S.K.: 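The structure follows.
A note on names: the letters A, B, ... follow the listed sequences, proteins ahead of strands, and every chain is numbered from 1. Just so we're clear, the structure is a prediction, and the values are computed from it rather than from any experiment.
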Amino acid sequence: MLSKNAEVAQVLEEIGLLLDIEGKDRFRPLAYHRGARAIKSLGEDVVEVARRNELTKIPGIGKGLAKIITNYIETGQVPKLDELRTRVPIKVMELMAIRGVGPRTVKLMYDKLGITDLESLERAASDGSLSQLPGLGDRSVKQILQGIELVRQGLERTLLADALIEAEKIVSALRALPSVRQIEVAGSARRRRETVGDLDILVNASDTETIMGTFVGLESVAEVLARGTTKSSVRLTSNLQIDLRVIPAESFGAGLQYFTGSVDHNVKLRSIAQKMGLKLNEYGLFRGEEKVEGREERAIYESFGMTWVPPELREDRGEIEAAQDGTLPDLITPDAVRGDLHTHTDQSDGRNTIEEMIDAAQEREYEYFCISDHTKSLTIANGMDEERLEARINEIDRLNESGRWKMRILKGAEVDILQDGELDISDDLLSRLDIVTASIHSRMNDSKRVMTERVCHALENKFVHILGHPTGRLLLKRPPFEIDLSAVFEVARKNNVIMELNAHPQRLDLNAGNLRSAVRAGLRIAVNTDAHSVAELDNMTFGIYQARRGWLTKDDIINTHTLKKLLRLIKK
DNA sequence: GCCGTTTTCGGCCCGACTGTTTTCAGTCG
Ligand SMILES: Nc1nc2c(ncn2[C@H]2C[C@H](O)[C@@H](COP(=O)(O)OP(=O)(O)OP(=O)(O)O)O2)c(=O)[nH]1
Ligand SMILES: [Mg+2]
Ligand SMILES: [Mg+2]
Ligand SMILES: [Zn+2]
């Protein structure tokens with residue numbers, strides 16, 4: 001099951017690959033690849049963007065690609081792709097997914113041996129015919145056979161949260177080496193993308209030999225993909241790929257800039273350098289032979305008359321222009337958070353008691369903390385009925401009165417939005433809560449129109465403060481349900497409802513693109529952990545990462561405000 | 001196909017590693 005964005009990206013990707021293979025034009029396929037990347041990292045429903053007629057506002061999408069996308073959304077058809085597939089009947093997506101196999105190899109294999117898919121390639125590799133092709137020796141064939149297996153296993157991306165744990169292990173192993181002066185995680189992990197394709201690690205060191213040796217010799221390494229003097233790659237037993245780049249001190253800033261990406265951000269920056277008669281690469285910024293900058297990443301941006309761009313924004317979505325104008329946002333930082341407005345206890349499906357959760361919140365020096373267990377229709381989560389909710393309200397009153405905690409404990413609930421958009425708890429009881437979060441937990445496959453009406457209706461309930469995980473996505477598992485977010489935003493604005501940024505590493509919902517649109521639509525955001533245990537309170541960090549990717553500032557986020565201001569802002 | 005304080009035409013980022021190759025094309029970052 002794919003989201004529309006993923007479908008559209010795949011269409012563009014496949015056209016790009018087929019054009020690559022035809023080899024007629026070097027640059028046209030690049031445009032399709034760039035378009036595919038742009039849609040993949042859009043972080044907003046492409047259907048919505050198309051409906052607003054704003055596809056060509058996306059960098060890399062022009063009239064041509066916009067037409068293909070619109071047509072695909074409206075009819076499900078892509079004549080250009082059908083035509084290409086007829087001319088070049090190759091399953092490019094699966095063949096080119098093999099490491100080491102690119103367009104030239106696919107074309108050669110097709111022309112000489114009629115290879116069109118993994119199966120026919122495997123046969124040719126096994127019966128010896130493949131190694132007869134020019135440029136393909138026994139080593140290549142062996143690598144291809146291994147590659148076929150990996151493709152069949154299905155290469156998934158990895159959740160940022162999981163990847164960062166793995167990164168820390170590798171970083172600490174390498175940091176222990178005496179010749180290592182600096183070491184940084186770069187790539188999409190440094191940009192805090194919610195999922196990463198691999199880990200990219202940059203080292204500043206004098207002695208590259210020992211570094212590379214240690215790196216490829218790490219216990220978790222399953223396969224060494226490349227080993228050079230400045231760059232090596234391995235695949236771990238977990239199948240996660242790690243790229244290591246070693247760069248000398250005087251180039252470390254340029255190396256970090258390069259290795260952080262994104263590709264499109266890099267290409268744009270390098271083009272700007274070019275136009276200024278300069279050259280930017282991972283070793284520095286050069287005027288002719290002379291290195292102008294390189295040690296400090298910041299100085300490279302400043303050389304272009306830009307302010308330093310926070311890695312989370314480096315996606316070529318307007319950040320370069322904003323850096324030139326000096327109008328980059330002052331992004332939210334973790335220390336600005338004053339409380340968590342969505343947490344669970346063992347009253348519903350949480351693991352810890354209410355007191356354990358409050359103690360943990362106190363340790364995090366919060367000023368307020370909302371307990372918001374599930375309500376009755378979520379039976380699978382042991383949701384509370386009115387009676388239990390009322391008892392909970394009284395309990396929190398007593399806890400606040402006890403004076404055991406400096407922090408204010410807010411009375412909340414995560415109330416289920418029913419099939420008809422009504423809530424499963426009476427207004428009477430809702431009125432006694434400080435914070436009401438309304439969430440969809442059922443019937444997520446209903447049509448877009450139904451889902452939109454359902455959510456909008458719930459937001460019109462005058463006791464609802466926050467819409468919980470507004471699109472219901474589960475990363476690597478379930479795409480967002482279909483919903484017209486612009487309509488939701490409009491109703492939310494009218495009714496003073498806040499959008500949640502659910503900080504669970506598998507949700508991060510709203511995502512970056514939608515956060516940006518929500519704020520543009522005049523809404524505020526609550527960054528909430530939805531913690532089901534004490535440990536999960538630390539997921540706030542991932543929420544802040546995503547908020548930064550959504551260009552959010554402190555003021556956009558409701559739980560950076562003091563208790564007093566918070567309560568005033570949520571008032572209907 | 002995209003895009004614009006050097007252009008609406010004519011450019012399009014730049015470098016490392018591998019294999020099989022006699023000097024580099026292909027692939028990947
Ligand atoms: N200038 C330039 N830099 C590139 C290119 N490809 C990759 N890079 C840089 C920017 C990337 O962020 C960085 C790491 O490459 P990756 O392929 O791992 O991409 P990234 O980490 O951004 O995304 P990922 O989550 O791994 O798919 O290397 C390129 O074609 N040109
Ligand atoms: Mg990467
Ligand atoms: Mg990489
Ligand atoms: Zn919840």
Side-chain angles (χ1 to χ4, degrees), chain A residues 12 15-17 19-21 23-38 55-69 80 95-109 131-144 147 186-188 196-202 208 212 216 224-234 241-247 251 254-255 257-286 304-305 316 320-321 324-325:
Chain A
L12 300 181
I15 295 175
L17 292 175
L19 289 173
D20 267 329
I21 290 168
K24 284 189 194 143
D25 180 341
R26 228 155 54 77
F27 295 102
R28 189 172 309 204
L30 275 182
Y32 281 92
H33 291 305
R34 182 174 174 208
R37 284 197 303 271
L55 283 172
T56 55
K57 283 193 182 169
I58 302 168
I61 308 283
K63 283 212 172 99
L65 293 190
K67 188 140 178 262
I68 290 175
I69 295 170
K80 172 152 189 114
L95 285 181
M96 302 262 284
I98 302 168
R99 143 170 294 279
V101 175
R104 310 313 310 160
T105 311
V106 171
K107 181 158 173 32
L108 182 73
M109 296 189 306
S131 61
Q132 299 307 307
L133 294 183
L136 284 173
D138 289 343
R139 289 186 90 115
S140 309
V141 171
K142 211 173 142 207
Q143 214 194 59
I144 285 174
S188 50
V196 302
D198 66 0
L199 277 173
D200 305 286
I201 299 175
L202 185 73
T208 69
M212 292 305 182
V216 302
V224 179
L225 302 168
R227 184 193 164 146
T229 53
T230 74
K231 185 176 139 184
S232 296
S233 290
V234 300
Q241 183 178 322
I242 320 282
D243 295 336
L244 185 76
R245 191 76 203 254
V246 182
I247 294 271
S251 293
Q257 195 291 312
Y258 151 72
F259 217 25
T260 298
S262 63
V263 174
D264 295 304
H265 176 92
N266 285 358
V267 170
K268 188 167 245 174
L269 216 54
R270 288 171 179 210
S271 308
I272 290 171
Q274 222 180 21
K275 282 171 197 146
M276 294 169 67
L278 304 171
K279 183 180 69 174
L280 177 64
N281 59 28
E282 62 266 52
Y283 299 105
L285 182 63
F286 297 86
F304 296 126
D316 188 24
I320 288 181
E321 294 77 359
Q324 283 169 328
D325 298 345

S.K.: What's the spacing between A:Leu225 CG and A:Gln143 CD if we round to 0.5 Å?
M.R.: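 Separation between the atoms: 8.0 Å.
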
S.K.: Nearest-Å distance, CG (A:Asp138) to C1' (B:dT18)?
M.R.: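 Rounding to the nearest Å, CG of A:Asp138 and C1' of B:dT18 are 15 Å apart.
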
S.K.: Take atom P in B:dG15 and the same atom in B:dC9, then report the distance between them in whole Å.
M.R.: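 Each nucleotide's P atom is 31 Å from the other's.
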
S.K.: Could you go through A:Asp200 and A:Arg245, starting from their C-alpha distance and side-chain angles, then the distance that decides it, and tell me whether this counts as salt bridge (Lys or Arg N to Asp or Glu O under 4.0 Å)?
M.R.: CA-CA 8 Å; A:Asp200 305 286; A:Arg245 191 76 203 254; over 6 Å; no

S.K.: For B:dT5, does the glycosidic angle fall within 90° of 0 (syn) or outside that (anti)?
M.R.: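 Judged by the O4'-C1' to base torsion, B:dT5 sits in anti, the angle falling more than 90° away from 0.
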
S.K.: Scan A:Arg227 against the nucleic acid and name what it touches under 4.0 Å (heavy atoms): base, sugar-phosphate only, or nothing.
M.R.: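 The residue A:Arg227 makes sugar-phosphate contact but no base contact.
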
S.K.: Taking the P atom in each of B:dT20 and B:dG26, what is the distance between them to the nearest angstrom?
M.R.: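 Rounded to whole Å, the distance is 14 Å.
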
S.K.: Assign A:Thr229 to base, sugar-phosphate, or nothing according to its heavy-atom contacts below 4.0 angstrom with the strands shown.
M.R.: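 Contact class for A:Thr229: sugar-phosphate only.
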
S.K.: First locate atom CE of A:Met109, then atom CD1 of A:Ile21, and finally report the distance between them rounded to the nearest 0.5 Å.
M.R.: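 The CD1 atom of A:Ile21 is 8.5 Å from CE of A:Met109, to the nearest 0.5 Å.
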
S.K.: Restricting both atoms to N or O, compile the protein contacts to nucleotides 5-13 of chain B shorter than 3.5 Å, with distance only.
M.R.:
residue : atom : partner  : partner atom : Å
B:dC13  : O2   : A:Arg270 : NH1          : 2.7

S.K.: Taking B:dT8 as the reference, what is the distance to B:dT18 when you measure between their C1' atoms (whole Å, please)?
M.R.: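 That atom pair is separated by 42 Å.
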
S.K.: Could you give me the CA-CA distance, side-chain angles and deciding distance for A:Leu19 and A:Lys24, then say whether side-chain contact (heavy atoms from CB on, under 4.5 Å) is met?
M.R.: CA-CA 7 Å; A:Leu19 289 173; A:Lys24 284 189 194 143; over 6 Å; no

S.K.: For atom C1', what is the distance between B:dT21 and B:dG29, given to the nearest Å?
M.R.: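 Here B:dT21 and B:dG29 have their C1' atoms 23 Å from each other.
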
S.K.: Can you tell me which nucleotide in B:dC28, B:dT18, B:dG1 comes closest to the side chain of A:Arg99?
M.R.: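 The closest nucleotide is B:dC28.
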
S.K.: Rounded to the nearest angstrom, tell me the gap between atom CD1 in A:Ile68 and atom P in B:dC2.
M.R.: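 It is 8 Å, rounded to the nearest whole Å.
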
S.K.: Are any of A:Ser140's side-chain N or O atoms less than 4.0 Å away from OP1 or OP2 of B:dT20?
M.R.: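 Yes, within the criterion.
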
S.K.: Taking 4.0 angstrom as the limit, do A:Lys268 and A:Glu321 come out as a salt bridge?
M.R.: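 Between A:Glu321 and A:Lys268 there is a salt bridge, with a charged N closer than 4.0 Å to a carboxylate O.
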
S.K.: Going through the distances and angles, do A:Asp316 and A:Arg34 end up as a salt bridge (Lys or Arg N to Asp or Glu O under 4.0 Å)?
M.R.: CA-CA 11 Å; A:Asp316 188 24; A:Arg34 182 174 174 208; 3.0 Å; yes

S.K.: Where each residue is assigned the nucleotide of DNA chain B containing its nearest heavy atom, which of A:Gly137 and A:Thr105 is assigned the position nearer the 5′ end?
M.R.: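 Mapping each residue to its closest nucleotide by heavy atoms, the 5'-most match is A:Gly137.
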
S.K.: Spell out, as yes or no, whether a donor-acceptor pair under 3.5 Å connects the side chain of A:Ser251 to the backbone of A:Ile247.
M.R.: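 No, because the side chain of A:Ser251 does not come within donor-acceptor range (under 3.5 Å) of the backbone of A:Ile247.
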
S.K.: Counting any heavy atom closer than 4.0 Å, what does A:Leu136 reach on the DNA or RNA strands: base, sugar-phosphate only, or nothing?
M.R.: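 Contact class for A:Leu136: sugar-phosphate only.
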
S.K.: Calculate the interatomic distance between A:His33 atom NE2 and B:dT27 atom P; express it in whole Å.
M.R.: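 Atom NE2 in A:His33 sits about 12 Å away from atom P in B:dT27.
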
S.K.: Any side-chain N or O of A:Thr230 below 4.0 angstrom from OP1/OP2 of B:dC17?
M.R.: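 Yes, because at least one side-chain N or O of A:Thr230 sits under 4.0 Å from OP1 or OP2 of B:dC17.
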
S.K.: Can you check the distance between B:dT5 and B:dG1, where both ends of the measurement are the P atom (answer in whole Å)?
M.R.: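 Here B:dT5 and B:dG1 have their P atoms 23 Å from each other.
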
S.K.: Atom CZ of A:Phe259 to atom P of B:dC28: distance rounded to whole Å?
M.R.: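 The distance from CZ of A:Phe259 to P of B:dC28 comes to 16 Å, rounded to the nearest Å.
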
S.K.: Look through every strand shown and name the nucleotide pairing with B:dA16 as Watson-Crick or G-U wobble, where both distances are under 3.5 Å.
M.R.: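 Matched B:dA16 with B:dT27 under the 3.5 Å cut-off.
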
S.K.: Between atom NZ in A:Lys67 and atom C1' in B:dC2, what is the gap in whole Å?
M.R.: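 One finds 16 Å between C1' of B:dC2 and NZ of A:Lys67, rounded.
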
S.K.: Regarding A:Lys231 and A:Asp243, does a basic nitrogen lie under 4.0 Å from an acidic carboxylate oxygen?
M.R.: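 So A:Lys231 does not pair with A:Asp243 through a salt bridge.
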
S.K.: Going by modelled atom types, is there a donor-acceptor pair between the base of B:dG29 and the side chain of A:Tyr258 at under 3.5 Å?
M.R.: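 Present.
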
S.K.: For B:dG10 versus B:dA16, give the span between their C1' atoms, rounded off to a whole number of Å.
M.R.: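 My reading of the C1' atoms in B:dG10 and B:dA16 gives 30 Å.
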
S.K.: Using heavy atoms to find the nearest nucleotide of DNA chain B for A:Val106 and A:Arg34 separately, return the residue whose nucleotide is more 5′.
M.R.: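 Residue closer to the 5' terminus by nearest nucleotide: A:Arg34.
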
S.K.: Taking CZ from A:Arg28 and P from B:dG1, how many angstroms apart are they, rounded to a whole number?
M.R.: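 Computing the A:Arg28:CZ to B:dG1:P distance gives 4 Å.
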
S.K.: In this structure, how many angstroms lie between the C1' atom of B:dG1 and the CD1 atom of A:Ile58, rounded?
M.R.: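 Taking CD1 of A:Ile58 and C1' of B:dG1, I get 15 Å after rounding.
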
S.K.: Regarding A:Pro103, tell me which of base, sugar-phosphate or nothing describes its non-hydrogen contacts under 4.0 Å with the strands shown.
M.R.: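 Sugar-phosphate contact only - A:Pro103 comes under 4.0 Å of backbone atoms but never of a base.
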
S.K.: Ignoring backbone atoms, test whether A:Arg139 places a side-chain nitrogen or oxygen under 4.0 Å from the OP1 or OP2 oxygen of B:dG19.
M.R.: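 Answer yes for this pair, as a side-chain N or O of A:Arg139 is under 4.0 Å from OP1 or OP2.
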
S.K.: Classify A:Pro134 by what it touches in the nucleic acid, base, sugar-phosphate, or nothing, heavy-atom distance under 4.0 Å.
M.R.: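 The answer is nothing, as A:Pro134 stays clear of every strand by at least 4.0 Å.
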
S.K.: Closest approach of A:Ile61 and A:Ala66, non-hydrogen atoms and distance?
M.R.: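 Closest heavy-atom pair between A:Ile61 and A:Ala66: CG2-N, 3.8 Å.
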
S.K.: Separation of A:Lys24 atom NZ from B:dG1 atom P, in whole Å?
M.R.: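 To the nearest whole Å, that distance equals 12 Å.
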
S.K.: Strictly distance-based, threshold 3.5 Å: is any side-chain N or O of A:Asn281 a donor or acceptor partner for the main-chain N or O of A:Gly284?
M.R.: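 A pair under 3.5 Å: yes.
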
S.K.: From the set B:dT18, B:dG26, B:dG29, return the single nucleotide nearest to any side-chain atom of A:Asp243.
M.R.: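 In terms of side-chain proximity for A:Asp243, the closest of B:dT18, B:dG26, B:dG29 is B:dG29.
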
S.K.: On a whole-Å scale, what distance lies between the P atoms belonging to B:dC3 and B:dC13?
M.R.: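 Per the computed distance, 13 Å lies between those P atoms.
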
S.K.: Using atom C1' in both nucleotides, what's the gap between B:dT6 and B:dG11 to the nearest angstrom?
M.R.: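 It comes out at 12 Å once rounded to the nearest Å.
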
